Every structure is written in structure tokens, then in C-alpha cells.
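Some notes on the structure that comes next.
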Amino acid sequence: MARTSAVMAEFGRFYEQQYAVALFNSVRYEIEGGGNTQTQLLHRKEPLKNKSIFSGGLFQYLEESKKWRSRFLYVGDSYNISLYESKAAHDRGIHSKGVINCAGYRALTSMEEYLGLLNNSLGDTKAKSASAPFLKCPTQFPLILWHPYARHHYFCVMTEKEQKKWHAVFQDCVRHSNNGLSEECKVATPAFTDALRLYRQAKGHYGTWDMMCGNQAQILANLVMETLHPELKNLIVPRLKGKLQQRQKDWMLISDAVYRQVLSQTKTQHEALAQVCEMERPRLDSALRTDMDQIITSKEHVSGKIRALVSPRIEQLVRSKVQPYIHSILEALMEPTSRGFSEVRDILFRELVEVSKNTMNDSSREKLGEHMDKISMLAFHPVKMQNCYEKMEALNLEGLQQRCDVSSPSVFIQRAQILMRQQMDNAVHTFEQLVHQSLDGHSGEDLCKTIQRCQDRVLKKYDYDSSTVRKKFFREALLQIIIPYMLKQLSTSCSPVGTRNQPFSVPLFYCFLIDLPKFKELIFEDFSRFILVESIFEEAVLQSVSKDIMMAVKEAAVQRRHNLYRDSMVLTNSDPNLHLLGEDTIDWAGQFGGVKGETQGGEVTNRKRKQIVSMIQLDGVPLPYESCQEVPGVDGIPEENEGQREQDLETEKPVNPVQQVPIEKEPGSPESVTEIRDLINPVLEVVEKDSSQLTNRMLPLEEGDEVKHITTVTEIVSRESPKKVEGELDATQIERALEEQQCVSAIESAIQQIEIAIQEDPGEHLSEGAIDSDGEFAQTSKNSSPLHHDDSGFQSPANENVEEVEPQPDTGDEVVDAECRTGRVGKGLLWHVTSQNS
């Protein structure tokens, strides 16, 4: 696009100028040295080597098919979200369905919040925030990644616990991706940030910019879209047709297509610009090292001239409009930041105490290695660190946003959260190194005491480094808030004199320097690449307010407010040899647990890297989802209203009025051995109330049925307690009770006779397979028909007596236990006829 090329050409001129200045500052710092405070905690180079942050399954909305499908998401050490069709596809190394870089995104968990942002994207509509979206979430737990220019991503999960964990992971991905510029690039990064700031100041934007997130190409794409996006919206949105939801969807697709095209162009052009500057770096570096003394002398001479001219005006501005607000701004920054760092210390203390307790219970090296391996990645556990990050979310700069042109506090919030994570990782890494160094020759109680001593040392070092890091953060944040405000105030009272011919090299707020060409004449032409009058002016403004900022932070430290230490304070037990320890991550599982990955050339070859955040596993929920084939489309997933209707029907299903419990559903597949056995050998239950109804006591069978055995079971009804009966039994009841007792006695006598006969000749009285799994058997005559039942000794003519069988050895077949107990005997006899189709 022509707009992208124009912006990149203008930015390129600023970048080339600032690249030479950044190289000069880097070489000068290298020669003269710096006065940075020595940290107490160690820092490791690659903390996430061979690690992954999180992985799991959830549902994703596919705009192409307008369906919800299950996806397996993998978050590696780069914090990019890779989407796979299933976990098996990831394990096999199949190429991912897509990769999401979260720079510039916002992780949302509410459809209402998303609809509010979505409706604001169409300026000509009068839609309410409660308008229906163009898609419906199948669950009540959505997860949305929103971007002002790029494509939105829609996910949902089944439970609130999953939603909180995934939201923490997504926020961590956004936080890490927004911090895309590497601080290790001592030349390229300062040159890029200064060039970007000067470009925006030339356009009249002096305050912080919340879209300075991602790598250089993404930041430049956001810079182009900052002006291009409103123009396209005013041009295209009024011409969109259809309902509100359709217009929103069409506009998002257009915006995403434009953004991707701009991003590809900015990436190509920035790489070409950086390559040109890198090719010129050796020549500039050689010139700097040859004439460094003369360049420094020339710069100090010009700086003195400029400060003498502008200092009165700057000091007046500082006294009247800056000094009265420094303490209030500092207090607004210190409260949430200190709470966040204090929460980091509390979490660190709890985890270290847990390690000590576990070591006291089991002091073996294997268990110690297991506990240390869990704590080693504590800083990169987004769920455990979420409480620390939430403390910083309370930062409120509403009173300063208009006065000091602070667009959003998100810049300071995310920077403080990154510092919290770094300090936590430094503390854990230092603890690991101290424990690992002290392992030799210690065991049992000595090991526990050693771990506790290491814990105390690390906590003291953390307190000192935490104070140092916070004070530095406060100073930088105050400068980022105050300096743009001062530059804007200086520019509003000035008229643009002599700047129309050079609109890109001299921003408008320097126009009051009428003697600007005179200052440029004081610089040798060979040094003009390294000494810029505009940079010297900004340094003068910076120095004028830095003294007041340093004093405000120093006063807070002297008063010990928010646990800040004085700069002159040095720990008495400082370890001079601590930094001689290793900087690499210790493989606790490999050294002490015996679990080592196969390596090839120093790299781990197995695809299953150790995951920092544990998987989500809920009872009754099959997680993670394996394949999209297991999850139906949007037609098969109930929408919000449909799900509510199903819940209402579930609550309204019929209830048994007697038992007051929901009626059970039809039985599904057999789950027990008894149910499976009943399927193989069906049991026919017949209730005989009157034996005269049967012809010759025979039961009709269908063709092909075969009777294996017959079991007689008597229904037993418990006798009521005499205490509950009002009055005495009448003569009839007494008579019936005596008859029942006589029947029971006759049955017991018959059974004893049968047992004696069985012992004499068991083959004549027992049929094969009559013994059940409970050790009881049903007596049948071998010579008689299987359908004929002999009444002798088994049942009374009135069919009211009870059959009792004695336990015998188990043979595997199951019948109902017909155990005779004392109580009222029911009239009905239950017949179990087992039949089998031939």
C-alpha cells in the first residue's frame, strides 16, 4: 500500500538518525562503564528451555464452516498458541492448523464486554451493548481474543475452572508477546523506540501508546493502522449492507485482511531498513572508537549552550506544573506495585516452606529432586502467579490520563507484571543453585536445616532486589508520564518557525529554538551523525525533572514506605561468590529422579516437553478433547437457550409419588457380572398365587426354549412387633400362626431326610449345574421331568410353606437365595424359570 510505504519512509529517516546516536551511547557506556547496582539474586539465561507452558483441549468457532469444533491448543516457550486437530496430531508432529501471536490482543471472558468493544468498532451504528452477536456460544464459559485490527478468535470450555485457567494462560501469552522488544539489543532496540517516539511526536502524539506491543513489524503495522483504520471505517462502514451482526462480521473481515497486508509490508521494509543500518555499523563503530574523546567534548560544549538557553523556561514549567503532582503520581504507582511484589514474596515463601516440610517427611534425594523440579518453573506458572498480577490490575491513573496524556495504564501494568515474573524466577533460580551446591555431604536433618538456611538467604536477597527493581520502575514510569507532558507544554506556546522545509528532521516542539541553526554550526560535520541537537534538547528536559523524581523516590525509601530500602543500604550477608554459580537451569528430574530425555547434539529430541501448568481433569468430563470428530457441529451443541430448556425439562421430569424420587431411565448396557449372566441365560419369573391354575403344575414354553433348572423362592414379609398391634390376636390369627410354625417344622424335617438320601446316592437326586454362585442349589429329581415339581417335602398343598436350601460348593450358576427367616409367610410363590433358546 502507498500509505505503508509513506509511513515507513518517514519512520526510516528517524531510525537512521537514532541508530547512529544509539550506537554512540552504547560504545560510550562500554568504554566508561556504568554504575548499575549489583543485584543479589542470580539470573538464568534460558529459563524455558525444553519447557512448554500449557496444553489442552477446548472448543473453537471456525468462521469458514460456522461450526464449533474441538481443538488441541499447545502453548510453547515462545508463548505462541498453536492449534491442532487433536492431541494425537500434535504428538505425531503434524503441522498445526494455525498459530496465534497474542501481541496486541485482549483476553475476554464475557460476551457483554466483547459486544461493547464490537459495537464501538462501527461508529455509525446506534447499537446497544446488549445486541445479539453474530455467533452463539454453546456453553456459558466463553474465551475470546480481541484485537482492534486483526482477526478475533473465539473459544469456549465446559466449566468455570477451565475458563479461569485458560484465561490466565491467555493473559500470560498476551503479556509476554506485548513485551516483544529484546533488551539485549543495546543498539537496535533504543534506536527503534526513540525513532517511534519522535515520529509520533511529529504527528502531535506525546503520551504513552498502548499499541506499542509485539515485535518491530507488529508495532509498525499498528502505527500504520492508527491512521489508516479510522479512514477506512469512515469510507467503508456506511456502505455495508445487511443487519448489524452481518455488518460487524464484514467489517472485521475487511479490517483483518488490511492488517495482514500491512503487516507483511512492514515486516519486509523493516528488515531491509535494519539490514542497511547493520551493514553501516562497522564503519560507524570504527569512527566512534577513533574519535570518541573529541565527540564527547563537542557534545558537552553544545549541551552547555542549549541548557543555558532553555533551562529558565524548563525550570519554570517544572516548578509550576510538575513538582506539585510528582508525589501523588508516585503514590498511585507504589500502592498496587508494592502489593504485587509482596504477593510474589508470599507465594515464594509458601512454596519454599512446602519444600522444607516435604523434605522433613522424606529426605531422600529422589523426593527432593521431585519437589525442586516442581518449584523450578514457579515464575512461569500463570495460574499460581495470577494473584500477583491481579494486584497490579488495580492501578488507577484516571486523574492523570487527560492531564498528562496517558492513553492507558496498561503499559505500566504489563511492565510491572513482567518485572514480578523476573524477580520470582531469579529468586527460585538462586534457591536452586544454593540447594544444589549444598547437597554434597548432607542428609536427613542436616539437609532440612540447609534448605531452611537457603530459604532465609533467598528471601533477604529478594527483599533487597525487589526494592531496587521497584524504585527503578517508579523512576522510569514517572519519566514516561512527565516528559511527554512537558514536551507538549513547550510545543503549545511556540510558533513553527523555519520548519516547513524540514518537516521530518525537526519536530514542531523545537520551533521556539530560533538559534537552532547556530547550534548545528558548532558540531563538526564528521560528528553530526552522532550528535543531534534535538536529542540534546530532550536530555536537557530530562535532566531538569530527574532531580525532583529521584528526591521523591528517595524520600519514600527513607521513610521505609512500602518496604523500600535506601540506595546506600548493603546486605551484611552479601555473597561475593554467588555469581560464580551456574546460570543454566538445573535438571532436577534427570539428576535425582533418573528421568532423562534422549538428547542429540545437546537438544532434547523427544516431542513431549515438560509442561509447567498441569492439565485440567474434572470428574465426569472427558478432557482433553481428542479429536474434532468426537465433537458435533454447532447443530449438535446446544445453544444457551436450548441448554436452559434442557435443564428445565430435566427438573420437570416425572417423579414417583410413592418414593418421591425421579423415575429411573431405561437400563443401558450391562455393567455387572450378574446382568451379563442374565443376558446369556434369561430368567423367567412367574408368580403362582393358586396352584390350581396350572395344568398338572406345568408351565407352557415357546418352541426352542430349554429349561436348565427351576428355583422356588418364597416372598417373606416381616412380622409386625407385638408392641405395634392394638389388642390381642383373635382366634383365627392364632390358629394360622400355629399352622405356619408346623409347616416350617415339617419342611426342616423333610430337608434333613433329603440330605441323608443325597449323602447315600447323590447322583439320583441332583442334576448337574444346579449349584449357584452363592453356594446354594435347587433340588430336582433326575428321573422326573424338568417341568414337573414334586410337592413331597418342598411345599404345602396350600403353597404357603417356605423352602430352605443348604449351602453347597460353588459351581458358578446363580439362583435366588431362598432363605427361610422367622416372620409372616406370603401366599405368593415366585418361580424362576431359566430358559435358553436352542
Side-chain angles (χ1 to χ4, degrees), residues 1-11 60-68 98 100-108 110-137 142 144-155 199-200 203-205 209-214 217-269 407-408 634 639-640:
M1 287 185 180
R3 177 65 62 86
T4 305
S5 301
V7 172
M8 289 300 300
E10 187 175 352
F11 173 81
Q60 182 191 17
Y61 179 76
L62 304 180
E63 297 181 358
E64 294 78 8
S65 60
K66 299 181 181 180
K67 300 287 185 179
W68 289 88
I100 303 175
N101 186 293
C102 295
Y105 277 91
R106 288 177 58 181
L108 309 177
S110 170
M111 289 298 296
E112 290 75 13
E113 184 179 3
Y114 173 70
L115 291 178
L117 296 172
L118 192 62
N119 293 329
N120 292 333
S121 63
L122 297 179
D124 64 334
T125 62
K126 299 180 180 180
K128 298 181 180 180
S129 59
S131 300
F134 59 86
L135 80 158
K136 293 183 179 180
C137 184
I144 303 173
L145 290 176
W146 177 88
H147 194 281
Y149 312 129
R151 177 182 181 180
H152 303 167
H153 300 276
Y154 312 97
F155 305 95
Y199 174 88
R200 299 191 75 250
K203 303 298 181 181
H205 304 291
W209 188 36
D210 55 355
M211 288 306 295
M212 188 175 174
C213 46
Q218 292 172 322
I219 295 174
L220 292 174
N222 296 335
L223 184 65
V224 175
M225 295 295 292
E226 185 180 21
T227 56
L228 181 61
H229 193 264
E231 295 178 6
L232 290 177
K233 183 172 65 175
N234 297 332
L235 180 63
I236 298 177
V237 169
R239 302 182 181 182
L240 296 177
K241 304 299 181 181
K243 296 183 179 180
L244 173 63
Q245 292 82 0
Q246 186 62 36
R247 294 201 305 270
Q248 290 174 342
K249 184 176 181 180
D250 294 342
W251 171 241
M252 286 191 300
L253 294 176
I254 295 173
S255 177
D256 176 63
V258 173
Y259 178 77
R260 285 189 282 108
Q261 186 174 0
V262 171
L263 180 60
S264 63
Q265 293 182 358
T266 55
K267 181 179 180 180
T268 303
Q269 297 184 26
S407 60
S408 173
V634 70
E639 303 292 346
E640 294 180 354

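Since we're looking at a predicted model, the values are computed, not measured. Side-chain atoms are counted along with the backbone in the values below, which use heavy atoms only and exclude waters and symmetry mates.
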key: Glu10 with Lys203: basic N within carboxylate O range, under 4.0 Å   =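 Salt bridge flag = yes for Lys203 with Glu10.
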inquiry  = According to salt bridge (charged side-chain N to carboxylate O under 4.0 Å, His left out), who are the partners of Asp250, at least two apart in sequence or on a separate chain?
reply    =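 By the salt bridge (charged side-chain N to carboxylate O under 4.0 Å, His left out) rule, Asp250 matches no residue at all.
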Closest heavy-atom contact between [X] and [Y]?
X	Y	result
Tyr149	His229	CD2-CD2, 3.5 Å
Phe155	Leu145	CE1-CD1, 4.2 Å
Gln218	Cys213	CB-O, 4.0 Å

query = Would one find more than 12 heavy atoms of other residues, nucleotides or ligands at under 6.0 Å from atom NZ of Lys249?
reply =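 For Lys249, atom NZ is crowded (more than 12 foreign heavy atoms under 6.0 Å).
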[X] side, atom [atom1]; [Y] side, atom [atom2] - distance, nearest 0.5 Å:
X	Y	atom1	atom2	result
His147	Leu117	NE2	CG	12.5 Å
Leu244	Gln248	CG	CD	4.0 Å
Met111	Leu118	CE	CG	9.0 Å
Tyr61	Cys137	OH	SG	11.5 Å

request  = May I have the step-by-step check of side-chain contact (heavy atoms from CB on, under 4.5 Å) for Glu63 and Arg151, ending in yes or no?
outcome  = CA-CA 10 Å; Glu63 297 181 358; Arg151 177 182 181 180; 4.0 Å; yes
ask   = Got a sec, which residues hit side chain to side chain contact (heavy atoms under 4.5 Å, CB included) with Leu232, two or more places apart in sequence or on another chain?
value =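 Checked Leu232 against side chain to side chain contact (heavy atoms under 4.5 Å, CB included); matches are Leu228, Ile236, Trp251, Val258.
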query = Between Tyr154 and Tyr114, how do the two ring planes meet: parallel, tilted or perpendicular, split at 30° and 60°?
reply = perpendicular
request  = Kindly assign one of parallel, tilted or perpendicular to the pair Trp146 and His152, based on the angle between their ring planes and the thresholds 30° and 60°.
outcome  = tilted
query = Which residue pairs satisfy the salt bridge (Lys or Arg N to Asp or Glu O under 4.0 Å) criterion with at least one member in residues 255-265, sequence neighbours excluded?
reply =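 Qualifying pairs: Asp256-Arg260.
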ask   = Are the side chain of Asn222 and the backbone N or O of Met211 linked by a donor-acceptor pair below 3.5 Å?
value = yes
query = What do the steps show when you test Arg3 against Val262 for side-chain contact (heavy atoms from CB on, under 4.5 Å), and what is the final call?
reply = CA-CA 9 Å; Arg3 177 65 62 86; Val262 171; over 6 Å; no
key: Chi angles and distances behind the side-chain contact (heavy atoms from CB on, under 4.5 Å) call for Thr266, Met8   = CA-CA 7 Å; Thr266 55; Met8 289 300 300; 4.3 Å; yes
side-chain contact (heavy atoms from CB on, under 4.5 Å) between Val224 and Phe11, intermediate numbers included = CA-CA 11 Å; Val224 175; Phe11 173 81; over 6 Å; no
